[in-house]
S.K.: 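Take a look at the following structure, please.
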Amino acid sequence: MIRINKLVKHYGKLEVLKEVSIDFNPGTITAVVGPNGSGKTTLIKTILGLVKPTAGEVIVDGKKVNGEHLYRSKIGYMPQIARYPDNLSIEEVVRMIKDIRYSNDTDHSKLAEGFNLSKELKKPFRNLSGGTKQKVSALIAFLFNPEILILDEPTSGLDPVSSSYLKDMIIREKEKGRTIILTSHNMSDIEELSTGIAFLLEGKIRFWGPTEILRNRNGTKNLERAIATMMSGDERCN
């Protein structure tokens, strides 16, 4: 479980997060949504320990993590854009990550097969397509059987087969009781995968609850329209 308690982040005079409080619970998939500049990326980076908050707390499994780093071993992170050394092959990238995490006994062959990467493992990263790079990020995110998954635009650039495989994996991990945080501009992904929505606007949580409640909030069953209404600043959503 991740608990965010009154999180504040300033960049100079710019207040990006304004006392954000939210829980991400086991066995759930929470979609963090909002317009550009709403604070989504800063929130995710703070959970990952890449950004130090100005005030407030990040608590993982009951322990404050401010300044701590060991909790990151519980997290599988899939960034929106995969960036790894161009001269390394997929196999070498995976081996490097295993070395960093002291998990050389972890077997990646099943995931590689599932993402149709088995024949690509010897290829250098610079020669891979965008979709193949995305598959590598997915493989690494799931490789260490993490308790927490943070997935940033996970299906972006994936072919339909790989996208379906990844979605099935995400749902299975939820059923195992994992805590999953998802960001996506693809409303069909959010509709299919999420059990709850956290809507950020101007650094504040404007909505946090089950997806179905959000659909009904503005008298529409269409999730995309409900989120678009909130993004437009309609007072009915405040």
S.K.: Between the side chains of Arg178 and Asn145, does any donor sit under 3.5 Å from an acceptor?
M.R.: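 A pair is found: one side chain offers a donor N or O, the other an acceptor, under 3.5 Å apart.
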S.K.: What closest approach, in Å, do Val60 and Tyr71 show between heavy atoms, and which atom pair accounts for it?
M.R.: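 Heavy atoms of Val60 and Tyr71 come nearest at CG2-CD1, 4.0 Å.
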S.K.: Taking the side chain from Asp152 and the backbone from Met78, do they hold a donor-acceptor pair closer than 3.5 Å?
M.R.: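 Here the side-chain-to-backbone pair does not exist.
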S.K.: Determine yes or no for a side-chain-to-main-chain donor-acceptor pair under 3.5 angstrom, with Gln134 supplying the side chain and Glu153 the backbone.
M.R.: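 Yes, because the side chain of Gln134 sits within donor-acceptor range (under 3.5 Å) of the backbone of Glu153.
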S.K.: Any side-chain heavy atom of His185 within less than 4.5 Å of one from Asn36?
M.R.: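 Yes, close enough: below the 4.5 Å cut-off.
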S.K.: Do the side chains of Lys74 and Asp61 get nearer than 4.5 Å, heavy atoms only?
M.R.: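 Yes. Closest side-chain heavy atoms under 4.5 Å.
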S.K.: Is there a donor-acceptor pair under 3.5 Å between the side chain of Ser103 and the backbone N or O of Arg101?
M.R.: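 Side chain of Ser103 to backbone of Arg101: a pair is present.
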S.K.: Mind running side-chain contact (heavy atoms from CB on, under 4.5 Å) on Ile97 and Leu143 for me, showing each step along the way?
M.R.: CA-CA 10 Å; Ile97 300 297; Leu143 181 57; 5.7 Å; no
S.K.: Contact between Ile2 and Ile59 at the side-chain level, heavy atoms closer than 4.5 Å - yes or no?
M.R.: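 Ile2 does not reach Ile59 side chain to side chain.
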S.K.: To the nearest 0.5 Å, what is the distance between OG1 on Thr183 and CG on Leu200?
M.R.: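 Interatomic distance, Thr183 OG1 to Leu200 CG, rounded to 0.5 Å: 11.0 Å.
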S.K.: Answer yes or no: is there a side-chain heavy-atom contact under 4.5 Å between Leu117 and His108?
M.R.: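 Side-chain contact under 4.5 Å: no.
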S.K.: Can you tell me how far apart CG (Asn127) and CG (Asp86) are? Round to the nearest 0.5 Å.
M.R.: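 If I round to the nearest 0.5 Å, the distance is 9.0 Å.
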S.K.: Nearest 0.5 Å, please: how far is CD1 in Ile170 from OG in Ser194?
M.R.: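 The CD1 atom of Ile170 is 11.0 Å from OG of Ser194, to the nearest 0.5 Å.
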S.K.: Does NZ or CZ of Lys167 fall inside the cone over Tyr165's six-membered ring, less than 6.0 Å from its centre and within 45° of the axis?
M.R.: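 No; the conditions do not both hold, so Lys167 does not lie above the ring face of Tyr165.
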S.K.: Establish whether Ile81 and Ile44 are linked, either directly or via other cluster members, by ILVMFWY side-chain heavy-atom contacts under 4.5 Å.
M.R.: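 No, separate clusters.
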S.K.: Are the side chains of Val33 and Ile197 in contact, using a 4.5 Å heavy-atom criterion?
M.R.: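 Answer yes - side chains close enough.
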S.K.: Provide the closest heavy-atom pair for Ile190 versus Ser184 in the form atom of the first, atom of the second, distance.
M.R.: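 Closest heavy-atom pair between Ile190 and Ser184: CD1-O, 3.4 Å.
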S.K.: Are any of the side-chain nitrogens in Glu173 or Lys176 under 4.0 Å away from the carboxylate oxygens of its partner?
M.R.: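 Salt bridge: yes.
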S.K.: For a quick test of reading the model, state the closest non-hydrogen atom pair linking Pro146 to Ile75 and the distance between them.
M.R.: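 The answer is CB-C, 3.8 Å.
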S.K.: Side-chain contact test, heavy atoms from C-beta onward, threshold under 4.5 Å: evaluate it for Ser21 versus Ile205 and give yes or no.
M.R.: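 Counting from C-beta outward, Ser21 and Ile205 never come under 4.5 Å.
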S.K.: Identify the two heavy atoms, one from Ala138 and one from Leu166, that lie closest to each other, and give their separation to 0.1 Å.
M.R.: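 Result for this residue pair: CB-CD1, 4.3 Å.
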S.K.: Give the minimum heavy-atom separation between Tyr11 and Val16, together with the two atoms involved.
M.R.: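 Of all heavy-atom pairs spanning Tyr11 and Val16, the closest is CD1-CG2, 3.2 Å.
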S.K.: Under 4.5 Å between side-chain heavy atoms, hopping through other hydrophobics if needed: is there a path connecting Val161 to Phe115?
M.R.: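 Val161 and Phe115: separate clusters.
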S.K.: What is the distance from atom CZ of Arg83 to atom CZ of Phe125, rounded to the nearest 0.5 Å?
M.R.: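 If we round to the nearest 0.5 Å, Arg83:CZ and Phe125:CZ are 10.5 Å apart.
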S.K.: Taking it one step at a time, do Leu139 and Val94 satisfy side-chain contact (heavy atoms from CB on, under 4.5 Å)?
M.R.: CA-CA 9 Å; Leu139 184 153; Val94 173; 4.0 Å; yes
S.K.: What about Ile100 and Leu70, same hydrophobic cluster or not, with Ile/Leu/Val/Met/Phe/Trp/Tyr joined at side-chain heavy-atom distances under 4.5 Å?
M.R.: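 No: no chain of side-chain contacts under 4.5 Å links Ile100 to Leu70.
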S.K.: Does any non-hydrogen side-chain atom of Ile181 lie less than 4.5 Å from one of Leu151?
M.R.: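 No, their side chains stay 4.5 Å or more apart.
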S.K.: Between Lys64 (side chain only) and Val58 (backbone N and O only), is there a donor and an acceptor less than 3.5 Å apart?
M.R.: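 Side chain of Lys64 to backbone of Val58, a donor-acceptor pair under 3.5 Å: no, none is there.
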S.K.: Checking Ser163 side chain against Asp159 main chain: does a donor-acceptor pair fall under 3.5 Å?
M.R.: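 Looks like no, no N/O pair under 3.5 Å.
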S.K.: Check this for me: Asp168, atom CG, are more than 12 non-hydrogen atoms of other residues, nucleotides or ligands nearer than 6.0 Å?
M.R.: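 Yes, enclosed.
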S.K.: Look at the side-chain heavy atoms of Ile, Leu, Val, Met, Phe, Trp and Tyr, link any pair under 4.5 Å apart, and say whether Ile150 and Ile22 land in one connected group.
M.R.: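 In one cluster: yes.
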S.K.: Could you tell me whether Lys204 atom NZ has more than 12 heavy atoms of other residues or ligands within 6.0 Å of it?
M.R.: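 Atom NZ in Lys204 is not packed in, count stays at 12 or less.
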S.K.: Any side-chain to backbone donor/acceptor pair from Ser164 onto Pro160? Under 3.5 Å, distance only.
M.R.: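 Pair found, side chain donor or acceptor close to backbone of Pro160.
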S.K.: Flag the pair Lys18 / Val8 as yes when at least one side-chain heavy-atom distance between them is below 4.5 Å, and no otherwise.
M.R.: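 The answer is no; the side chains never approach within 4.5 Å.
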S.K.: Is the shortest side-chain N to carboxylate O distance from Glu113 to Lys110 below 4.0 Å?
M.R.: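 No, no charged N to carboxylate O under 4.0 Å.
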S.K.: Backbone N or O of Ser89 within a donor-acceptor pair of the Glu92 side chain at under 3.5 Å?
M.R.: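 A pair under 3.5 Å: yes.
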S.K.: Give a yes-or-no answer on whether the side chains of Asn186 and Ser188 include a donor-acceptor pair shorter than 3.5 Å.
M.R.: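 Indeed, the side chains of Asn186 and Ser188 share at least one donor-acceptor pair under 3.5 Å.
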S.K.: Phe24 ring centre to Arg3 NZ or CZ under 6.0 Å, with the angle to the axis within 45°?
M.R.: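 Not satisfied by the 6.0 Å and 45° rule.
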S.K.: Do Met169 and Leu158 sit in one hydrophobic cluster, given that two such residues count as connected whenever their side-chain heavy atoms are within less than 4.5 Å of each other, even indirectly?
M.R.: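 Per the 4.5 Å side-chain linkage, Met169 and Leu158 are co-clustered.
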S.K.: With a 4.0 Å cut-off, would you call Lys6 and Glu19 a salt bridge?
M.R.: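 Glu19 and Lys6: not salt-bridged.
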S.K.: Taking atom types as modelled and ignoring hydrogens, do the side chains of Thr195 and Thr28 form a donor-acceptor contact shorter than 3.5 angstrom?
M.R.: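 Note: Thr195 and Thr28 side chains miss the donor-acceptor criterion.
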S.K.: Rounded to the nearest 0.5 Å, how far does CZ of Arg126 lie from CG of Leu88?
M.R.: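 Answer rounded to 0.5 Å: 9.5 Å.
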S.K.: When rounded to the nearest 0.5 angstrom, what is the spacing between NZ in Lys135 and CG in Leu111?
M.R.: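 The NZ atom of Lys135 sits 13.0 Å away from the CG atom of Leu111.
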S.K.: If I compare all heavy atoms of Lys40 with all of Pro35, which pair ends up nearest, and what's the gap?
M.R.: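 Nearest pair, atom of Lys40 first, then Pro35: NZ-O, 3.2 Å.
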S.K.: Check step by step if side-chain contact (heavy atoms from CB on, under 4.5 Å) holds for Ile148 and Tyr77.
M.R.: CA-CA 8 Å; Ile148 299 165; Tyr77 174 50; over 6 Å; no
S.K.: Yes or no on side-chain contact (heavy atoms from CB on, under 4.5 Å) for Lys123 and Leu128, after CA distance, side-chain angles and deciding distance?
M.R.: CA-CA 7 Å; Lys123 287 186 178 180; Leu128 303 180; 3.9 Å; yes
